[in-house]
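Okay, structure first, notes after.
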Amino acid sequence: YIIEICKEEFKHQYLHILKPKIIYIAGDGRSGSTLLDSILSNIEGSVSVGECHRFWVRFYEKETLCGCGEKIERCTLWSKIDEKLHQKFPDYDSEFIREKVKEIQYFKNFKKIPKLLQTKEWQDFAEIVIYFYNQIAKTSQRNIIIDSSKSIGWCYFLQNIGVFDLRIIHLERNLASVANSWKKKMLLPEYYDKDVFMPQKTNMVILKSWIKIKVLALALKKNNYFMFLKYESLCQRPEFWLAKIKEFVGEPFDITEFIMIPTHSIGGNPMRSGSNKKIVISNKKVDLHHLNFFEKIIFKSSNVIAKTIIK
């Protein structure tokens, strides 16, 4: 009871603030979030920030480009937000925030998040996060934030803060296709003076991560606005699912044609490096040529079993 009172008092502090709408894409990596993010970026009055929970790594390491094409530390949006954070919080410590964000990412800490938010240390952290998102909206002059961080833990943290208009889209792709994609060697274009490749994972890590995300995402269903979307379903019936998405996000936007709009995205798929190109939703069958015969059987059968058990 005391914990609930503390939680409500914490939320009450921020009720007077105009809340940005956060359209959060949750799910595993290599699940098509770049495509969905690019579509949602066409919503008028929105700003796409990519995997913005990576801000406290990418901005301070000063090695990558923002989606707008500028070095991230010189980007008009992120440099201003960094300046505001230092002004608002005299003891602002980016390393402290970075470690807290990292803690949230661990699957083992997922269930602890509601209790962590009852402590002053984590409430202070949450205050910075709330200010961070509000400043994204204020600085960009866009009150709709497209956040494709994907992280289930970060999403659950935002859900438990409870002060945002949070719209969660859990995007899931067939396990075999996800695994095939993790096997590819792909260069990250945001690193401008060195070659850095997207990570490649082992079969066990791919399998465990995909299943854990599917299980933990069940907790996100408690959010006022939650939508489950299969990537394959979007590709097979784009008009139907785009209409559903439009209704879900509660914002008017043209669902008949999309372009790659320049963004302020942090991290993500190399597909982001192209802009002003027409977005084509393809229903082309995925060639699983990065998987051998036995890997295909394992991932396909695991997908069927998980779909049956985890509901």
Side-chain angles (χ1 to χ4, degrees), residues 25 27-38 41 47-86 92-106 132 135-136 139-140 145-154 173 177-206 209-210 213 260-277 279 289-291:
I25 302 173
D28 200 359
R30 311 296 181 90
S31 294
S33 61
T34 301
L35 173 63
L36 182 56
D37 183 298
S38 300
S41 297
V47 57
S48 170
V49 292
E51 300 175 15
C52 76
H53 73 296
R54 297 184 186 273
F55 168 80
W56 288 278
V57 175
R58 294 296 179 86
F59 185 85
Y60 299 105
E61 71 180 5
K62 299 180 179 181
E63 294 180 337
T64 58
L65 300 174
C66 170
C68 68
E70 288 286 342
K71 292 182 178 180
I72 191 168
E73 68 272 17
R74 296 180 185 175
C75 166
T76 54
L77 175 65
W78 300 119
S79 61
K80 188 68 175 178
I81 287 173
D82 176 62
E83 179 186 326
K84 289 289 186 179
L85 285 167
H86 281 89
Y92 175 71
D93 181 356
S94 62
E95 278 296 320
F96 167 79
I97 303 301
R98 179 175 176 170
E99 287 305 309
K100 283 284 178 280
V101 174
K102 189 176 179 180
E103 281 185 58
I104 291 172
Q105 308 307 306
Y106 294 130
F132 172 73
Q135 283 303 310
I136 290 176
T139 305
S140 66
I145 300 172
I146 314 300
D147 184 349
S148 55
S149 290
K150 295 188 290 295
S151 166
I152 295 292
W154 187 249
R173 191 178 187 183
S177 297
V178 171
N180 184 73
S181 188
W182 278 118
K183 299 286 186 178
K184 296 177 183 178
K185 188 175 182 180
M186 299 178 69
L187 190 67
L188 288 169
E190 63 261 35
Y191 284 89
Y192 50 83
D193 62 357
K194 64 179 181 179
D195 289 344
V196 178
F197 291 87
M198 296 185 79
Q200 292 174 288
K201 295 183 178 181
T202 64
N203 290 337
M204 185 57 68
V205 170
I206 293 169
S209 178
W210 189 88
I213 288 170
M260 292 285 287
I261 294 174
T263 69
H264 285 289
S265 62
I266 298 175
N269 191 293
M271 175 183 172
R272 289 190 179 280
S273 60
S275 61
N276 293 318
K277 298 178 182 177
I279 298 172
H289 63 278
H290 291 284
L291 303 178

* Asked: Does anything in residues 68-79 pair up under salt bridge (charged side-chain N to carboxylate O under 4.0 Å, His left out), and if so which pairs, sequence neighbours excluded?
  -> none
How long is the gap from [atom1] on [X] to [atom2] on [Y], to the nearest 0.5 Å?
X: Leu65; Y: Asp193; atom1: CG; atom2: CG; answer: 9.0 Å
X: Ile25; Y: Ser151; atom1: CD1; atom2: OG; answer: 13.5 Å
X: Leu291; Y: Asn203; atom1: CG; atom2: CG; answer: 7.5 Å
X: Ile152; Y: Ile104; atom1: CD1; atom2: CD1; answer: 13.5 Å
X: Arg54; Y: Thr64; atom1: CZ; atom2: OG1; answer: 10.5 Å
X: Arg58; Y: Cys75; atom1: CZ; atom2: SG; answer: 14.0 Å

Side-chain heavy atoms of [X] within contact of [Y], under 4.5 Å:
X: Val47; Y: Ile136; answer: yes
X: Ile97; Y: Phe132; answer: no
X: Leu187; Y: Val196; answer: no
X: Asp147; Y: Trp154; answer: yes

Closest contact, heavy atoms only, [X] versus [Y]:
X: Lys150; Y: Gly29; value: CE-CA, 3.8 Å
X: Ile266; Y: Cys52; value: CD1-CA, 4.3 Å
X: Ile261; Y: Ser41; value: CD1-O, 3.5 Å

Can you sort out the partners of [X] under side-chain hydrogen bond (donor to acceptor under 3.5 Å, both in side chains), two or more places apart, ordered by chain and number?
X: Ser181; answer: Arg30
X: Ser140; answer: none
X: His86; answer: Asp82
X: His264; answer: none

* To do: Would you please name every residue forming a ring-ring contact (aromatic ring centres under 6.0 Å, His included) with Tyr60, sequence neighbours left out?
  => Phe55
* To do: Please list, chain by chain and in numerical order, all residues satisfying ring-ring contact (aromatic ring centres under 6.0 Å, His included) with Trp182, sequence neighbours excluded.
  => none
Partners meeting salt bridge (charged side-chain N to carboxylate O under 4.0 Å, His left out) with [X] (sequence neighbours left out):
X: Lys80; answer: Glu83
X: Lys183; answer: Glu295
X: Lys194; answer: Glu63

* Asked: So, do Phe96 and Trp56 have ring centers that fall under 6.0 Å from each other?
  -> no
* To do: Tell me, please, which residues at least two apart from Gln135 pass side-chain contact (heavy atoms from CB on, under 4.5 Å).
  => Ile81, Lys84, Tyr131, Lys138, Thr139
* Apply side-chain contact (heavy atoms from CB on, under 4.5 Å) to Val57 and list each qualifying residue two or more places apart in sequence or on a separate chain. => Glu61, Arg98
* Asked: Do any N or O atoms from the side chain of Ser31 and from the backbone of Asp28 form a donor-acceptor pair under 3.5 angstrom?
  -> yes
* With distance as the sole test, does Trp210 use its side chain to make a donor-acceptor pair with the main-chain N or O of Arg173 at under 3.5 Å? -> yes
* Check the pair Glu51 / His53 against side chain to side chain contact (heavy atoms under 4.5 Å, CB included), numbers first and verdict last. => CA-CA 6 Å; Glu51 300 175 15; His53 73 296; 4.1 Å; yes
* The single option from Leu36, Thr34, Leu35 passing side-chain contact (heavy atoms from CB on, under 4.5 Å) against Ser38 -> Thr34
